**Q** 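One structure, as structure tokens, below. Some questions next.
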Amino acid sequence: MMADTILVVHFLIAGFIVAGLVAVWLGAALGWHWVRNPWFRYLHLAAIVLVAAEAVLGIACPLTVWEDLLRGGRSMHGGAETFVARWVRALLFYQAPEWVFTVAYIAWTLATLATLRLVPPRRNRNAL
């Protein structure tokens, strides 16, 4: 149960990283004020920078390691999984060379940084 919880949290963080940037792009076009919230924007930046740094340094994500340990070292090697774990894992993990993911994470980080410049965060609505 705990391993599944970690997997779902991992999925939610990945979703935040992807959907967060897309939401900022949409929000900028549609005038959504909340996408300029500095807490949201800098937390989003920190999340993708952490992921990219792990990839560049060749460090396994702690959530992946923790989940794997809780599953007895079997989660990445076809061990028994719950229904939730199977579906979340299918959405979260893809088979490709590591360099593909590293390039993707760096590109997403650069897109996030460019978006910070193009759609800067603001402290409140009146600052728009």
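A quick note: this is a predicted structure, and the numbers were derived from the prediction, not measured.
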**Q** Quick check for you: to the nearest 0.5 Å, what is the distance between L7 atom CG and L70 atom CG?
**A** 11.5 Å

**Q** So, do C61 and H10 sit near enough that their side-chain heavy atoms are less than 4.5 Å apart?
**A** yes

**Q** Output the distance between atom CG (L45) and atom OG1 (T109), rounded to the nearest 0.5 Å.
**A** 7.5 Å

**Q** First locate atom OG1 of T5, then atom CD of E67, and finally report the distance between them rounded to the nearest 0.5 Å.
**A** 10.0 Å

**Q** If you look only at distance, which donor and acceptor atoms sit under 3.5 Å apart when one is on a side chain in residues 11-24 and the other is two or more places apart or in another chain?
**A**
none

**Q** Sequence neighbours excluded, which residues qualify as side-chain contact (heavy atoms from CB on, under 4.5 Å) partners of A53?
**A** none

**Q** Considering non-hydrogen atoms only, spot the tightest contact between V35 and F40 and give its length.
**A** O-CD2, 4.2 Å

**Q** Residues in side-chain hydrogen bond (donor to acceptor under 3.5 Å, both in side chains) with W66, at least two apart?
**A** none

**Q** So which residues get pulled into W99's cluster when ILVMFWY side chains under 4.5 Å apart are joined, directly or through others?
**A** V100, V103

**Q** If you define the side chain from C-beta out and look only at heavy atoms, does anything of P121 sit under 4.5 Å from L116?
**A** yes

**Q** Quick check: is Y105 connected to L50 through a chain of hydrophobic side chains (ILVMFWY, heavy atoms under 4.5 Å apart)?
**A** no

**Q** Write down the atom of V65, the atom of A60, and the distance for their closest heavy-atom approach.
**A** CG2-CB, 3.7 Å

**Q** Under 3.5 Å, is there a donor-acceptor pair between the side chain of R41 and the main chain of R122?
**A** no

**Q** Might you confirm whether atom CH2 of W34 has over 12 heavy atoms from other residues, nucleotides or ligands at distances under 6.0 Å?
**A** yes

**Q** Check which hydrophobic residues are tied to I59 through side-chain heavy-atom contacts below 4.5 Å, counting indirect links as well, and list them.
**A** L57

**Q** Holding to side-chain contact (heavy atoms from CB on, under 4.5 Å), I want the full list of residues that pass it with P62, two or more places apart in sequence or in another chain.
**A** E54

**Q** Looking at CH2 of W25 and CG of L118, how far apart are the two atoms once the value is rounded to the nearest 0.5 Å?
**A** 10.5 Å

**Q** Looking at every non-hydrogen atom in both residues, tell me the closest pair between A111 and T115 and how far apart they are.
**A** O-OG1, 2.7 Å

